[in-house]
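Each ligand, and each atom within it, is numbered from 1 in the order the structure gives.
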Amino acid sequence: MAPKAFIAPSILSADFSKLGKECSDTIERGADWLHIDIMDGHFVPNITFGHPVVTKIRPHVGRPKEANGKGTFDCHMMVSEPKVWVKEFQKAGCDLYCFHYEAAIDSTAAESAEVKSDKKTNPKEMIKYIHDNGMRAGIAIKPGTDVDVLYDIFDNSNKEEVPEMALVMTVEPGFGGQKFMAEMMPKVQALRKRYPELNIEVDGGLSEKTIDTAADAGANVIVAGSAVFGASDPSQVIAKLREAVDSRR
Ligand SMILES: O=C(CO)[C@@H](O)[C@H](O)COP(=O)(O)O
């Protein structure tokens, strides 16, 4: 059976002037996780915030009691050097560190005394490094990246190098409020067929209008920014997103 729904509102669409309260309210309104978009202005043409802000919002949301539990901080690292930030995000309270495949294969991580990274990283090394630092790992692919690059990563028999989640971007990363790309659904279908129990996240343009398409394809981790934070009744939107996924199990 496909895994249950996890609804992860993207705080990119929250009111940043009262971010702590926005986070705690969203969990109280029924969200499972918070999706925290980290953008460096290099991997994507936008900047959000870094680990100091995550540190500040962590006390507003209780730590999850189990893996994937309520209050999970799902940090989506839209950054060119994902390895550099692993330790800082773990200290800040991140539970699930999701990096981009495209960044891990290109990255020339800056040498730093703390990270002692090689100049180049790669997805398997990144995943192990995230696990070694006490977090679960996710791997994200942009719309232009073929899904089959992930097979080698998820088929690996060395569990330390296998991530706990795949994120299929359904918009070009960088901004909230974009149109859902239904043409990404074959990627989700292919992943669900091959990995029935995998947490498969979709991100970008998810709403009450597009959730059926994503749920039919097999997505179970649903990121929604503007649809939740722009709603007059966010609880109702969260409940509808959940129902769409769980009714297909
Ligand atoms: O990662 C991103 C954008 O790069 C997303 O998490 C967006 O923040 C989703 O926003 P909506 O499309 O749901 O408004």
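For D152 and K124, the salt-bridge test passes: some basic side-chain N is under 4.0 Å from an acidic carboxylate O.
Ring pair H51/F89 is perpendicular by interplanar angle, where above 60° counts as perpendicular and below 30° as parallel.
Under the 4.5 Å side-chain contact rule for hydrophobic residues, V44 and F16 do not share a cluster.
Around ligand 1 you find S10, L12, H35, D37, M39, H76, M78, M169, P173, G174, F175, G176, G177, D203, G204, G205, V223, A224, G225, S226, each with a heavy-atom distance below 4.0 Å.
Exactly one residue among D148, V202, I141 makes a side-chain contact (heavy atoms from CB on, under 4.5 Å) with K187. That residue is I141.
A donor atom on one side chain and an acceptor atom on the other are found under 3.5 Å apart for H131 and E164. Looking at N156 and E161, their side chains do bring a donor and an acceptor atom within 3.5 Å of each other.
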